[in-house]
Amino acid sequence: MIRIAVLVSGGGTNLQALINAQTNGILKSGIIVRVISSQVDAYARVRAEKAGIPCSTCQTEDEILEELRECGAELVVLAGYMHILSPAFLKACALPAMNIHPSLLPAFSGKGYFGIRVHEAVLKAGVKVTGASVHMVNEVTDGGEIVAQKAVEILPDDTPEKLQRRVMEQAEWVIYPRAVEEVCRKLSGKVFARPMRYPGRGIITGCTPSGKAMFAYFIMGRSSSSRARVFEKSGDDLIIRMTGKVSDTSLILYAPVRTLGDTVIITNGDQTDTVYDALKDGGTFESALRTREYEPDAPHYTPRISAVITPEGYRQSILKRAGRYFFEYDFTPGKGHLIHTYDHDVMKDAVLPSFEGEPREVSIPEDMETFADSLWEELDEDNKVSLYVRFYDGKTYTDKLFNKGE
Ligand code: GAR
């Protein structure tokens, strides 16, 4: 489920159409978690309250950013939001955003064309057809990629108000919920909710819609030594080999995957061996990792991320400076969880901030190749190094391996 924040300023009929779409099942891949209004007295606020959706008023873009972070929004939906979001805001927010505009774009758009003014201009121009457009938001006002459009005929006795109402009824309330669902569905297929240049190393564990285990492990690198690596299979395990000369290999050479009977251990360091040895001796994933801590690579102190898959389910862990965290999941068809080392996409950061919060729920498709290909594609071209994906049907496994360096 994609977490949606809706930005409003006025009556909120488009917000209402989205709320209704949640109730009647048209909007099923996303959920409205917050309504943010630019006006204290917007009727849209009443609609949000009636639907039990938390609502807040924000006057500045900084306040909106704070709200978006706080509610964990993954998609911003503008529904009659009467302000233009600045390029600085869009960059800082780094979330996909969409808008509905009451004309057939690119006609009657840009600065000054909003609300009733659009319909006044349409009638003044004497055009015979108008409509509504849903588009992605970018730094050009009303200029982002068009997602959906619907035409509405202009009648001889139209006034701006009559036309506005008809465009809403015949076009906006119909196409917006469907377009939001379409964007949510596409976002659900992605592993990262927002483009992330440097998540570092990452583990996904989960199961396919038919209940088969699937996992992925990827590495990215910033330094030349970190990039001079390739994954290599060694029996049922995965190891890393250097492709160039490096003085210190202590944190970059390890076995990311080890298999012990029907249990698979996946980690971003030599804690794979710690967990393997413990499980062999009757210990647990948790007891093994309690003997370890984050990596000693000041100033980042890279978290150690680990996972174990058993026939019963899977567990994930992150050991960071703030403490040791463990997460336990049952297999849920079509679902998995992603954990990664860093939580930032700003490459110039001297200190890379550690992954925050709980592992992110991701969709797992049935087809391993599709999953592997799209994940490799999604990883930032400049920084990705290797990816390994394995699908296990309970008896045998199939896998796929990508190495940028080869
Ligand atoms: C709608 O017609 C929407 O398309 C338009 O304002 C109205 C808001 O109504 N948006 C813009 O003009 C954006 N440039 P609502 O508050 O009842 O949804």
Side-chain angles (χ1 to χ4, degrees), residues 4-22 26-27 32 34-51 53 55-58 61 64 76-87 89-90 97-125 129-154 158-180 183:
I4 304 170
V6 183
L7 269 60
V8 295
S9 298
T13 61
N14 277 294
L15 167 68
Q16 190 65 53
L18 294 168
I19 293 170
N20 296 348
Q22 270 190 176
I26 287 179
L27 177 53
I32 305 171
R34 185 75 47 105
V35 170
I36 300 172
S37 173
S38 60
Q39 306 297 125
V40 192
D41 56 355
Y43 188 69
R45 293 183 52 102
V46 178
R47 296 181 192 272
E49 272 153 31
K50 276 192 185 153
I53 303 167
C55 183
S56 47
T57 307
C58 293
E61 290 190 337
I64 299 175
V76 178
V77 170
L78 310 184
Y81 184 68
M82 294 302 167
H83 305 269
I84 293 171
L85 296 169
S86 73
F89 171 87
L90 294 172
M98 52 198 299
N99 180 41
I100 184 141
H101 184 78
S103 78
L104 289 175
L105 289 175
F108 306 103
S109 67
K111 221 167 165 228
Y113 286 100
F114 57 86
I116 196 77
R117 293 195 196 187
V118 177
H119 305 286
E120 285 166 359
V122 162
L123 290 179
K124 203 166 163 213
V129 180
T130 184
S133 309
V134 178
H135 65 95
M136 300 310 293
V137 174
N138 64 11
E139 57 292 338
V140 182
T141 307
D142 300 325
E145 183 200 342
I146 295 170
V147 182
Q149 282 186 310
K150 192 163 187 279
V152 173
E153 217 180 315
I154 290 163
D158 265 340
T159 60
E161 290 73 21
K162 274 190 188 171
L163 184 58
Q164 181 180 47
R165 181 76 196 175
R166 221 170 48 259
V167 168
M168 282 178 160
E169 280 173 2
Q170 293 182 9
E172 297 188 34
W173 306 338
V174 181
I175 62 171
Y176 211 15
R178 291 183 192 159
V180 172
V183 169

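Indexing begins at 1, ligand by ligand and atom by atom, following the structure's order.
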Notebook entry, point to check: To which protein heavy atom is atom 11 (C) of ligand 1 closest, and what is the distance rounded to 0.1 Å?
Noted result: Pro102 CD, 3.7 Å
Next item on the list: Name the closest protein heavy atom to atom 6 (O) of ligand 1, giving the residue it belongs to and the distance to 0.1 Å.
Entry: Met82 CE, 3.1 Å
Next item on the list: Supply the atom-to-atom distance Arg47 CZ to Tyr43 OH, rounded to the nearest 0.5 angstrom.
Entry: 5.5 Å
Would you list the atom pairs, donor with acceptor, under 3.5 Å between side chains in residues 142-153 and any protein atom, with sequence neighbours excluded?
from, atom 1, to, atom 2, distance (Å)
Asp142, OD2, Gly110, N, 2.9
Gln149, NE2, Leu105, O, 3.0
Gln149, NE2, Ser133, OG, 3.0
Lys150, NZ, Gln170, O, 2.9

Item checked: Among Asn14, Ile36, Leu15, the one residue meeting side chain to side chain contact (heavy atoms under 4.5 Å, CB included) with Val6 -> Leu15
Notebook entry, point to check: When only distance counts, is Tyr81 in polar contact with ligand 1, meaning an N/O pair under 3.5 Å?
Noted result: no
Margin query: Closer than 4.0 angstrom, basic N to acidic O: yes or no for Arg165 and Glu161?
Written below: no
Checklist line | Atom of Glu61, atom of Ser86 and distance for their closest heavy-atom approach | finding: OE1-OG, 2.6 Å
Note to self: Considering non-hydrogen atoms of the protein only, which is the closest contact for atom 10 (N) of ligand 1, and what is the distance?
What the structure shows: Ile100 O, 3.7 Å
Checklist line | Identity and distance of the protein heavy atom lying nearest atom 16 (O) of ligand 1 | finding: Gly12 N, 2.8 Å
Check: Quick one: nearest non-hydrogen protein atom to atom 8 (C) of ligand 1, plus distance?
Finding: Gly80 CA, 3.5 Å
Margin query: Test your reading of the structure: does Glu172 have an N or O sitting under 3.5 Å from an N or O of ligand 1?
Written below: yes
Margin query: Regarding ligand 1, does Val118 bring an N or O atom to under 3.5 Å of one of the ligand's N or O atoms?
Written below: no
Margin query: Please check whether Asp142 reaches ligand 1 - meaning an N/O of the residue sits under 3.5 Å from an N/O of the ligand, judged on distance alone.
Written below: no
Notebook entry, point to check: What is the nearest protein non-hydrogen atom to atom 12 (O) of ligand 1, stated with its residue, atom name and distance?
Noted result: Gly115 N, 2.8 Å
Check: Which atoms of ligand 1 sit under 4.0 Å from any heavy atom of Phe114?
Finding: 12 (O), 14 (N)
Margin query: So, applying side chain to side chain contact (heavy atoms under 4.5 Å, CB included) with Val137, which one of Asn99, Ile84, Val76 is it?
Written below: Asn99
Check: Under the side chain to side chain donor-acceptor pair (under 3.5 Å) test, which residues partner His119, sequence neighbours left out?
Finding: none
Next item on the list: Please report which non-hydrogen protein atom sits nearest to atom 14 (N) of ligand 1, along with the residue it belongs to and the distance in Å to one decimal place.
Entry: His101 ND1, 3.4 Å
Next item on the list: Could you tell me the residue and atom name of the protein heavy atom closest to atom 9 (O) of ligand 1, and the distance to it rounded to 0.1 Å?
Entry: Met168 CE, 3.3 Å
Check: For Gly115 and Pro102, which heavy atoms make the closest approach, and how far apart are they?
Finding: O-CG, 4.3 Å
Check: Under 4.0 Å between a Lys/Arg side-chain N and an Asp/Glu carboxylate O for Lys124 and Glu120?
Finding: no
